[in-house]
A.B. asks: 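Let me begin by handing over the structure; questions about it come next.
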There are 2 protein chains.
Amino acid sequence: MDDQTVDLQDGARPTLEDVAAHAGVSRSTASRALNGDTYVSARAREKVLASAAALGYSPNQAARSLVTRRTGAVAVVLSEAEATVLDDPYFAIVVRAAFRALADAGSQMLLMFVDSADDVPRTVRFLDGGHVDGALVFASHQKDPLPAAVQQLRLPVVFGGPAGNLTSGVHAVDFDNRAGAAAAVEHLIASGRKQIAMVSGPPDHRAAADRLTGWRSALTAHKIRGTRLFEQGDFTIEGGRSAMAKLLARKPDLDAVFAASDLMAAGAIRELEAAGRRIPDDVAVIGFDDNPVLAPVMKPPLSSVHQDPRLQVRRMVETLTALLAGEEVTPARHMLGVSLTLRESG
Amino acid sequence: MDDQTVDLQDGARPTLEDVAAHAGVSRSTASRALNGDTYVSARAREKVLASAAALGYSPNQAARSLVTRRTGAVAVVLSEAEATVLDDPYFAIVVRAAFRALADAGSQMLLMFVDSADDVPRTVRFLDGGHVDGALVFASHQKDPLPAAVQQLRLPVVFGGPAGNLTSGVHAVDFDNRAGAAAAVEHLIASGRKQIAMVSGPPDHRAAADRLTGWRSALTAHKIRGTRLFEQGDFTIEGGRSAMAKLLARKPDLDAVFAASDLMAAGAIRELEAAGRRIPDDVAVIGFDDNPVLAPVMKPPLSSVHQDPRLQVRRMVETLTALLAGEEVTPARHMLGVSLTLRESG
DNA sequence: GGGTTTTCTGGGAGCGCTCCCAGAACGAAT
DNA sequence: ATTCGTTCTGGGAGCGCTCCCAGAAAACCC
C-alpha cells in the first residue's frame, strides 16, 4: 500500500495536489493522468484515477481556465423583444437544440437576452470579458446594433439568421426565406388562386423583408399583378388580424393570403372568418415557420413554410467548434433550405 | 502628466497590472478602486477608472473566481421532457424572467436541460464542479432523481415548484395548485354546473396531483358526487382530447370540465365540439396555467387558473441571493397564490 | 509639540491549475 | 559494460486576481 494518508478539511474540495498525494505521485503526473496526456505509465494513471474517484475530485474550472484561457462556455445571445421570444416556439427550440449541441461539443450554454439597445453595452462588455469562448448570436433586426458591436470583438461568433445589417465577413447560418415564400406563392398560383395578398412583417426585420421579396418575385414571375397588395403586421396575432382587415378593405375579392409568420396567419384567419370567408374555400392561407404548437392544431390546420431550427443550430455549433479549434473557416452565410408543409388552409 | 507609458502586445488583453501601471499606482490600489473598496483616495480612484477605460480593461473572471471562490454564474436546471419545455410557454417565461432577475443580482444564467435519467449524473457532476455558485431547479415529477441528488451537494439550491419527492429541508417556491383547482371548481358550481368532470395529469406529476386533489375536495365540500369522474391526460392537446372522449363516453350529460392544463383544455374543447357540444352553453371548460399564447386566443377564449411564473422566479432568485450572501435562511416551501381568470369558456 | 486614530498605499502570498524543463528510469542498440 | 534514445516523473514558474499586513501619510486630539 503506497497510498498516502491525506487529511482534508471536511468541507473542503479536494485539489489536484490532494489527489496526487493520495495516489503517491506528483501534481504534474496527476494532471497528466487526468487529462489523458501522453507519457504516463499505466500504473500511475490507474492510481490517480482511483484516487480522484475516491476523493470525489473535480477540477477547479477557474484555475484551469486561468491558464488554458478557455472557459468551456459559449454564450447564446437572443436579441429580440421579450414578447417575440415568448410567443415564438422557434426560440425555445433553438435554445434547447443549442444546449444539446453545445453539451455534445463539451461546452456549457450561457443564455443571454438583449431586450433593448440599453442592454447592448452590458452584453458586449460581458462577451468581451473573457467569460465565454465564443457566441451564437440571433439578431434579426437590421437596425440592431449588437451584431456590429459583437463583430468588433476578437471573439468567435456565429450568427443565426441575419446578422443585423452585416452582410459580409460574418459566419452565419440562415434560412432561404425568399425561396420559401416563393414556394408558398407558387403553390397558391398552381392551385388556381388569382388574388394573392400578403401579410408582411416589419421591413426592418431581415427575414420578413426576404419573405416579402419572395412573394413579390413569384408573382412577377407569373406575370400576376398586385405586388402592392400587402399590409404590414408585427408578427403578432393582433397584427395579422388588423393587416388582414386592411387587405379585405382594399380587395374584398382576394382569394389567397400568404403571411410572413404563422402567428400572423392565425390573426388573418380570425379576421377572414369574422368577415364571413371560409378557409380554404373562399380564401387560402399559408403561413411561415411551421410553428409546431400552432400550425397543426389550428382550425383549419395551417399550411406553412417549414424550416428546421435544430439543423440551423447544429450547423452553427459546428462552425463555432471549428473556429474554436483554431481552424481557418472562411466567413460565409450558410443557406438552409425550407419546404412547404401543406395542410388544409391552403 | 504622471501616466506611465504601457506598451501592450496588440492582441493581448490588458491586465490589472497594466491598468495600475498606466494609472501610476499599485496593483492593489487599482483593484480596490475598480471594486469600489474602502480606503481609496478620490484622486487614485479617478486615475484608475480613467486608465481602465482607456485601455479597455475588463477583469479576468477566471483569476477573480479562483481567489474569491465565486463564479458569478447560477445554473437554471429544467428537468423536463423536451416536448413539455417546447410546448409550454411557462418555461420560456421562466427562463426569461430568471435571466432578468439573475442579471439584476449580478449573476449570469447557465441554462441546463435534463431530458432523461441518463443526464442526471452529468448534470450533478457539473453542478458539483464549482462552475456555478448556486442553482434554480425545476423538477416537477416525483420520480425525478435529480432533486435528491442535487440536494446532496453542498450547493445552494432553490426549487421551482415541487422538488421531486423531497418534502422538507428544501428551499422551494411553489404555486398553490390545490387552491387554484378548488377555485375553478367553486366557480363552476356557483354558476350552476352539476356534473363537473376533470382531465387530470400524470399522477407522478406533483402539481397535477395537487390539482386533482383540489378538484376533488371542492366537490366533496359541496357534497357533489362524481369524484371519480376524471381521466388522465399527459399535458398535451392530444392527451386532453382522448381523456375528454373517455369522459364523454362515461358521462354523456356532463356539463363542465376542469382540465389540469390549458393545453389539455384545448384538446378537450376540440373533442367536445367534435361531439356536437357548444361551449360554454352545453359544457363549461376551465383550464390551468393561463397560458398567455393559448388561453386568450382560443375559441372561445379559455377561462383558466392564472399563475405568475415571473413572481415565482423573482422569489426564487431572492432566496438564492440570500443564501449566497451567507444569510441563514430556514428551508421552506413558499406558496404563491393563484387566481381565476374568467373568459368565455366557463 | 507628541501621540493617537483614521485613511491610504504597495508588496507579498497564494488561489489550483497547466506547461516547460531538467533529469531519472528503462530499455534497446552498440 | 557503455551509449543512446525513449518513456516517464517531479519541481518550478506563472496565469491574473484578491486579500492580508505592515507601514506611510494625513487628520485629529489633547
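Chain letters run A, B, ... following the sequence lines, proteins first and then strands; every chain starts at 1.
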A.B. asks: Return whichever of B/Gln61 or A/Thr29 has its heavy-atom-nearest nucleotide of DNA chain D closer to the 5' end.
C.D. replies: A/Thr29

A.B. asks: How many Å lie between CG on A/Asp18 and C1' on C/dG16, as a whole number?
C.D. replies: 10 Å

A.B. asks: Please confirm whether A/Phe159 and A/His171 have ring centers closer than 6.0 angstrom.
C.D. replies: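 Here the rings of A/His171 and A/Phe159 have centres that are no less than 6.0 Å from each other.
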
A.B. asks: Reading DNA chain D from 5' onward, which residue's closest nucleotide shows up sooner: A/Val25 or A/Tyr39?
C.D. replies: A/Tyr39

A.B. asks: To the nearest angstrom, how far is A/Asn60 atom CG from D/dG16 atom P?
C.D. replies: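 The answer, rounded to whole Å, is 17 Å.
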
A.B. asks: Write out a two-atom table: protein N or O, nucleotide N or O from nucleotides 18-22 of chain C, distance below 3.5 Å.
C.D. replies:
| residue | atom | partner | partner atom | Å |
| --- | --- | --- | --- | --- |
| C/dT18 | OP1 | A/Asn35 | ND2 | 3.0 |
| C/dT18 | OP1 | A/Arg64 | NE | 3.0 |
| C/dT18 | OP1 | A/Arg64 | NH2 | 3.0 |
| C/dT18 | OP2 | A/Ser31 | OG | 2.8 |
| C/dT18 | O4 | A/Arg27 | NE | 3.3 |
| C/dT18 | O4 | A/Arg27 | NH2 | 3.4 |
| C/dC19 | N4 | A/Ser28 | OG | 3.4 |

A.B. asks: How many Å lie between CG on B/Leu66 and P on C/dC15, as a whole number?
C.D. replies: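 Rounding to the nearest Å, CG of B/Leu66 and P of C/dC15 are 9 Å apart.
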
A.B. asks: Scan side-chain atoms only and decide if A/Asp144 and A/Ser79 contain a donor-acceptor pair under the 3.5 Å cut-off.
C.D. replies: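 Judged by distance alone, the side chains do pair up.
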
A.B. asks: Can a donor-acceptor pair be found, under 3.5 Å and without considering hydrogens, that links the side chain of B/Asp18 to the backbone of B/Thr15?
C.D. replies: yes

A.B. asks: Could you check whether any side-chain heavy atom of B/Tyr90 comes within less than 4.5 Å of a side-chain heavy atom of B/Phe138, counting everything from C-beta outward?
C.D. replies: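 Touching, per the 4.5 Å side-chain cut-off.
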
A.B. asks: Find out whether A/Ser140 and A/Arg206 are in side-chain contact, i.e. whether some heavy atom of one side chain is under 4.5 Å from a heavy atom of the other.
C.D. replies: no

A.B. asks: Contact class for B/Ala44 (heavy atom, under 4.0 Å): base, sugar-phosphate, or nothing?
C.D. replies: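 Sugar-phosphate contact only.
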
A.B. asks: Does a side-chain heavy-atom distance below 4.5 Å link A/Asp119 with A/Met112?
C.D. replies: no

A.B. asks: Starting at atom CD of A/Glu17, determine the distance to atom P of C/dG16, rounded to an integer number of angstrom.
C.D. replies: 10 Å

A.B. asks: Whole angstrom is fine here: how far is it from CZ in A/Arg45 over to C1' in D/dT7?
C.D. replies: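 Rounded to the whole Å, the gap is 13 Å.
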
A.B. asks: Is there a side-chain contact between A/Arg122 and A/Val114, using heavy atoms and a 4.5 Å cut-off?
C.D. replies: no

A.B. asks: Who passes salt bridge (charged side-chain N to carboxylate O under 4.0 Å, His left out) against B/Arg69, sequence neighbours left out?
C.D. replies: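 Testing B/Arg69 for salt bridge (charged side-chain N to carboxylate O under 4.0 Å, His left out), a comparison that skips the adjacent residues, returns none.
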
A.B. asks: Considering the terminal five base pairs at each end of the helix from C/dG1-D/dC30 to C/dT30-D/dA1, what angle separates the two local helix axes, rounded to 10°?
C.D. replies: 50°

A.B. asks: How about A/Gln108 and A/Val74: do any of their side-chain heavy atoms sit closer than 4.5 Å?
C.D. replies: no

